[in-house]
Novice: 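Sharing a structure below in structure tokens format, with a few things to ask.
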Amino acid sequence: MEKGRTHIVGAGLAGLSAALTSVEGGRAVTLYEGAQHAGGRCRSYFDSRLGCTIDNGNHLVLSGNRSVARYLKRAGAEDALEKAPEARFPFYDVESGERWEVVMNDGPVPTWIFDRNKRPKGVSLAEMLRAGRLLLAGDRHTVAELCGEEGLATERFLEPMAVAVVNLPPRLASAKLLRATALEAWRDGRLARPMFAPQGLGAALIEPALAALKEKGGDIQYGRLLSRLEQEDGRVTALHFVRGDAIKVGREDRVVLALPPHRLADILPDAQAPSESASILNAHFRLADPSALAGKPKLLGLTRSLTQWIFLKGDIVSLTVSAAEYIEGSTEKEKALLTRLWRESVAALGLPENTSYEAARLVREKRATFLQTPDNAARRPSQRTKLSNLFLAGDFVDTGLPATIEGAVRSGERAAQLAA
């Protein structure tokens with residue numbers, strides 16, 4: 001019996017994951033994207049001001065992200081990401097000038113928390129054990145309610161992780177979502193090693209997936225902005241686009257909507273997609289003398305600063321300010337903001353004070369993630385819908401994971417499996 005075609009709307013990571021999983025399962029696939037490029041919020045592009053290709057945002061993949069690993073295998077790009085040799089996370093405190101490293105040991109027992117040289121500087125064992133209350137998280141807990149809003153353990157461990165993973169400060173962040181990442185990736189140093197994309201996110205995660213889909217007969221159509229679904233007898237019967245002919249959906253066909261929440265709300269109001277969002281601010285600096293970065297860590301966490309994480313990518317210093325609307329100073333005018341961010345970078349990286357950059361770019365992603373509070377996390381839509389042949393994908397659907405690359409990829413994987 002012929003399996004039919006899976007129509008996937010949205011070519012971000014969730015849509016690409018759904019497409020790769022579907023073709024692996026033997027289904028024909030058509031992928032529709034409203035823009036003229038794939039990748040959504042995870043892509044690379046040439047920036048004329050910097051004169052080079054940059055990622056539109058900084059995303060951290062860990063070695064324990066098993067859905068990402070399967071995605072890369074399906075794309076034939078298992079080696080697209082470089083794995084760090086150990087789960088080592090250097091930090092710098094901007095106000096005090098202190099430096100330390102969090103070094104997670106390999107193995108199922110987290111012995112690193114008992115070693116003061118491997119846990120955050122100045123944090124006692126008792127404070128780390130209190131932070132472990134995160135594992136008791138229920139649906140209604142914030143990180144701060146469980147683990148405390150003040151203290152060095154929060155400031156030097158939980159807050160950097162909460163803003164990086166849940167894109168909210170501990171007082172607002174869903175403890176259950178942070179717990180999910182802790183159980184999947186932090187419980188063993190072998191699962192918590194950072195994975196880097198040396199040629200950018202597009203080259204690692206997007207281009208190989210598109211090439212694999214084309215090779216396997218997938219049909220990819222750009223400039224196809226969905227306007228509405230036609231429904232009959234409890235199923236989708238046609239897709240209507242702003243431009244081009246409507247696409248009939250056959251009896252054996254399936255539809256996966258991999259749209260951002262604000263777009264899904266227009267197309268399928270019954271899904272009750274989260275309407276509130278949280279932003280991320282990224283700054284990219286291209287150095288006049290890239291040799292100054294030799295020997296510096298590729299990933300560096302900052303505390304008591306506007307900057308939270310620094311990523312080094314060749315001659316580019318990229319900074320991330322997650323939950324930007326909750327961070328004082330993140331709304332300053334561009335020139336003042338760049339000056340402040342660069343000053344923090346120079347200090348954190350240990351560069352000479354007169355180190356300069358050739359060009360800089362600020363990128364604000366206003367809808368980087370849905371607002372991952374306990375209330376919103378509890379309202380995430382199911383991947384199944386009231387329509388028998390329609391399924392949802394996206395980092396905001398109920399995968400149990402936060403809105404990360406791993407969450408997006410897993411949502412697409414599961415949507416394709418439901419639609420098989």
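Position 1 is the first residue of the sequence, and the numbers go up from there.
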Novice: Assess, by modelled atom type and distance only, whether the side chains of T154 and E159 contain a donor and an acceptor separated by less than 3.5 Å.
Specialist: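 The criterion, which ignores hydrogens and geometry beyond distance, is not satisfied for E159 and T154.
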Novice: Is there a side chain to side chain donor-acceptor pair (under 3.5 Å) between H37 and Y222 once you walk through the steps?
Specialist: CA-CA 7 Å; H37 55 77; Y222 297 104; over 6 Å; no
Novice: To the nearest 0.5 angstrom, please state how far the CG atom of L177 sits from the OG1 atom of T404.
Specialist: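 The CG atom of L177 sits 9.5 Å away from the OG1 atom of T404.
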Novice: Distance from R263 atom CZ to L268 atom CG, nearest 0.5 Å?
Specialist: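 Nearest 0.5 Å value for the CZ-CG distance: 12.0 Å.
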Novice: Taking all non-hydrogen atoms of both residues into account, name the closest pair between P160 and F91 and its distance.
Specialist: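 Smallest heavy-atom distance, with atoms named: CB-CE2, 3.9 Å.
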Novice: May I ask you to decide if A35's main-chain N or O and E33's side chain share a donor-acceptor pair within less than 3.5 Å?
Specialist: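 Flag set: sc E33 to bb A35 pair under 3.5 Å.
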Novice: Here's one to test your reading of the geometry: is the NZ or CZ of R156 within 45 degrees of the ring axis of W100 and under 6.0 Å from its centre?
Specialist: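 The answer is yes, since R156 meets both limits relative to W100.
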Novice: Which heavy atom of A192 sits nearest to which heavy atom of A185, and what is that distance?
Specialist: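 Nearest heavy atoms, A192 then A185: CB-O, 3.1 Å.
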Novice: Assess whether side chain to side chain contact (heavy atoms under 4.5 Å, CB included) is satisfied between M195 and V68, documenting all intermediate values.
Specialist: CA-CA 11 Å; M195 306 283 284; V68 171; over 6 Å; no
Novice: Under a 4.0 Å N-O cut-off, is there an ion pair linking R66 with E184?
Specialist: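 Salt bridge flag = yes for E184 with R66.
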Novice: Carefully, step by step, assess K121 and D93 under the rule salt bridge (Lys or Arg N to Asp or Glu O under 4.0 Å).
Specialist: CA-CA 10 Å; K121 192 169 187 177; D93 186 280; over 6 Å; no
Novice: Are side-chain heavy atoms of D398 and P381 found at a separation under 4.5 Å?
Specialist: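 No - every pair of side-chain heavy atoms lies 4.5 Å or more apart.
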Novice: Measuring from atom CG of L31 to atom CD1 of I8, what distance do you get when rounded to the nearest 0.5 angstrom?
Specialist: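 Interatomic distance, L31 CG to I8 CD1, rounded to 0.5 Å: 6.0 Å.
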Novice: Is it the case that the side chain of S279 and the backbone of K366 share a donor-acceptor pair, with hydrogens and angles ignored and the cut-off at 3.5 Å?
Specialist: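 The answer is no, because no donor-acceptor pair under 3.5 Å joins these two groups.
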Novice: Has the side chain of T339 got a donor or acceptor atom that lies under 3.5 Å from a matching backbone atom of K335?
Specialist: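 Flag set: sc T339 to bb K335 pair under 3.5 Å.
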Novice: Looking at E344 and T307, would you say the former's side chain and the latter's main chain have a donor-acceptor pair under 3.5 Å?
Specialist: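 Looks like yes, one N/O pair under 3.5 Å.
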Novice: How close do P352 and T355 get, counting heavy atoms only, and between which atoms?
Specialist: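 For P352 versus T355, the nearest heavy atoms are O-OG1, 2.7 Å.
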Novice: Count the heavy atoms belonging to other residues, nucleotides or ligands that lie under 6.0 Å from CD of Q417, then report whether that count exceeds 12.
Specialist: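 Enclosed.
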Novice: Is it true that S96 and E98 share a donor-acceptor pair across their side chains at a distance under 3.5 Å?
Specialist: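 Result is yes, a qualifying pair exists.
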Novice: Distance check, rounded to the nearest 0.5 Å: L312 atom CG versus I316 atom CD1?
Specialist: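 It is 10.5 Å, given to the nearest 0.5 Å.
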Novice: Kindly indicate whether the side chain of L168, heavy atoms from C-beta on, has any atom under 4.5 Å from the side chain of L371.
Specialist: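 Yes. Closest side-chain heavy atoms under 4.5 Å.
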Novice: Under 4.5 Å between any side-chain heavy atoms of I220 and K214, yes or no?
Specialist: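 Yes. Closest side-chain heavy atoms under 4.5 Å.
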Novice: Looking only at the side chains, is there a donor atom on one of T6 and R27 sitting less than 3.5 Å from an acceptor on the other?
Specialist: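 Per modelled atom types, T6 and R27 side chains form a pair under 3.5 Å.
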Novice: With rounding to the nearest 0.5 Å, note down the distance linking CZ in F114 to CG in L129.
Specialist: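 F114 atom CZ to L129 atom CG measures 6.0 Å (nearest 0.5 Å).
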Novice: Give a yes or no on whether the backbone of A368 and the side-chain of R41 come within a donor-acceptor separation of less than 3.5 Å.
Specialist: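 Yes; judged by distance alone, with no hydrogens or angles, the pair exists.
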Novice: Inspect the surroundings of CZ in R367 and state if more than 12 heavy atoms from other residues, nucleotides or ligands are less than 6.0 Å away.
Specialist: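 Counting neighbours around CZ of R367, 12 or fewer heavy atoms of other residues, nucleotides or ligands fall under 6.0 Å, so no.
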Novice: Hey, is R70 close enough to E413 for a salt bridge, meaning N to O under 4.0 Å?
Specialist: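 Yes, charged N to carboxylate O under 4.0 Å.
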Novice: Do the non-hydrogen side-chain atoms of V9 and I267 ever get within less than 4.5 Å of each other?
Specialist: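 The answer is no, as the side chains (C-beta and beyond) never meet within the 4.5 Å cut-off.
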Novice: Where does the angle between the aromatic ring planes of W309 and F89 fall among parallel (under 30°), tilted (30 to 60°) and perpendicular (over 60°)?
Specialist: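 The rings of W309 and F89 stand perpendicular, inter-plane angle above 60°.
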Novice: Closer than 3.5 angstrom, by distance alone: can the side chain of D188 be matched with the main-chain N or O of R190 as a donor-acceptor pair?
Specialist: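 Yes: the side chain of D188 pairs with the backbone of R190.
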Novice: Under the side-chain hydrogen bond (donor to acceptor under 3.5 Å, both in side chains) definition, can you give me all pairs with a residue in residues 42-57, not counting sequence neighbours?
Specialist: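 Only S44-D55, D47-R361, R49-E334, D55-K313 qualify under side-chain hydrogen bond (donor to acceptor under 3.5 Å, both in side chains).
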Novice: Under 6.0 Å between ring centres: does that hold for Y357 and F285?
Specialist: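 Distance test on ring centres: under 6.0 Å, yes.
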Novice: Can you find a side-chain donor-acceptor pair between H284 and S318 that sits under 3.5 Å?
Specialist: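 Yes, a side-chain donor-acceptor pair sits under 3.5 Å.
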Novice: Any donor-acceptor pair under 3.5 Å linking the side-chain atoms of T373 with those of D375?
Specialist: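 Side chains of D375 and T373: no pair found under 3.5 Å.
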Novice: Taking the side chain from E127 and the backbone from S124, do they hold a donor-acceptor pair closer than 3.5 Å?
Specialist: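 Yes: the side chain of E127 pairs with the backbone of S124.
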Novice: How close do T30 and Q221 get, counting heavy atoms only, and between which atoms?
Specialist: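 In this case the closest contact between T30 and Q221 is CG2-NE2, 3.9 Å.
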Novice: Between R5 (side chain) and V29 (backbone), is there a donor-acceptor pair under 3.5 Å?
Specialist: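 Yes, because the side chain of R5 sits within donor-acceptor range (under 3.5 Å) of the backbone of V29.
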Novice: Does the distance from a Lys or Arg side-chain N to an Asp or Glu carboxylate O, for R74 and E24, drop under 4.0 Å?
Specialist: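 A salt bridge links R74 with E24.
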Novice: For F157 and P120, which heavy atoms make the closest approach, and how far apart are they?
Specialist: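 Closest approach of F157 to P120, heavy atoms only: CB-CG, 3.9 Å.
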Novice: May I ask you to check whether over 12 heavy atoms, not counting those of E332, lie within 6.0 Å of atom CD?
Specialist: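 Count over threshold, so yes.
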Novice: Show, in sequence, the C-alpha distance, side-chain angles and deciding distance for R286 and D315, and conclude whether the salt bridge (Lys or Arg N to Asp or Glu O under 4.0 Å) test is met.
Specialist: CA-CA 6 Å; R286 184 171 187 177; D315 59 351; 3.0 Å; yes
Novice: Quick one: does N167's side chain get under 4.5 Å of F370's, heavy atoms only?
Specialist: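 A side-chain contact under 4.5 Å is absent here.
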Novice: Ignoring hydrogens and geometry, is there a side-chain-to-backbone donor-acceptor pair from Q372 to V166 under 3.5 Å?
Specialist: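 Yes, because the side chain of Q372 sits within donor-acceptor range (under 3.5 Å) of the backbone of V166.
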Novice: Salt bridge (Lys or Arg N to Asp or Glu O under 4.0 Å) for D106 and R193? Distances and angles first, verdict last.
Specialist: CA-CA 10 Å; D106 291 352; R193 295 175 186 177; 2.6 Å; yes
Novice: With heavy-atom distances below 4.5 Å as the criterion, would you say the side chains of V94 and T303 are in contact?
Specialist: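 They are not in side-chain contact.
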Novice: Does any N or O in the side chain of Q383 come within less than 3.5 Å of the main-chain N or O of S411, such that one atom is a donor and the other an acceptor?
Specialist: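 Side chain of Q383 to backbone of S411: a pair is present.
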Novice: Would you indicate whether the side-chain heavy atoms of D115 and V103 approach each other to under 4.5 Å?
Specialist: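 Not touching, per the 4.5 Å side-chain cut-off.
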Novice: Residues two or more places apart in sequence or in another chain: which of them pass side-chain contact (heavy atoms from CB on, under 4.5 Å) with T331?
Specialist: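 side-chain contact (heavy atoms from CB on, under 4.5 Å) check on T331 returns nothing, list empty.
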Novice: How long is the straight-line distance from OG1 of T111 back to CG of N105, given to the nearest 0.5 Å?
Specialist: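 Nearest 0.5 Å value for the CG-OG1 distance: 3.0 Å.
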Novice: Report the C-alpha separation of V102 and W112 in whole Å, then their side-chain angles, then the decisive distance to 0.1 Å, and conclude whether the side chain to side chain contact (heavy atoms under 4.5 Å, CB included) test is met.
Specialist: CA-CA 8 Å; V102 171; W112 65 273; 3.7 Å; yes
Novice: Give a yes or no on this: more than 12 heavy atoms of other residues, nucleotides or ligands lie within 6.0 Å of atom CZ of R304.
Specialist: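 It does: R304 CZ has more than 12 such atoms within range.
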Novice: For L257 and L264, what are the C-alpha separation, side-chain angles and deciding distance, and is it a side chain to side chain contact (heavy atoms under 4.5 Å, CB included)?
Specialist: CA-CA 8 Å; L257 295 185; L264 182 63; 3.7 Å; yes
Novice: Looking only at heavy atoms, what is the nearest atom pair of E82 and P198, with distance?
Specialist: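 That would be OE2-CG, 3.6 Å.
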Novice: Quick check: do T181 and R179 have side-chain heavy atoms less than 4.5 Å from each other?
Specialist: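 Contact flag for T181/R179 side chains = no.
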Novice: Apply side chain to side chain contact (heavy atoms under 4.5 Å, CB included) to T320 and F311, showing your working.
Specialist: CA-CA 8 Å; T320 294; F311 295 76; 3.8 Å; yes
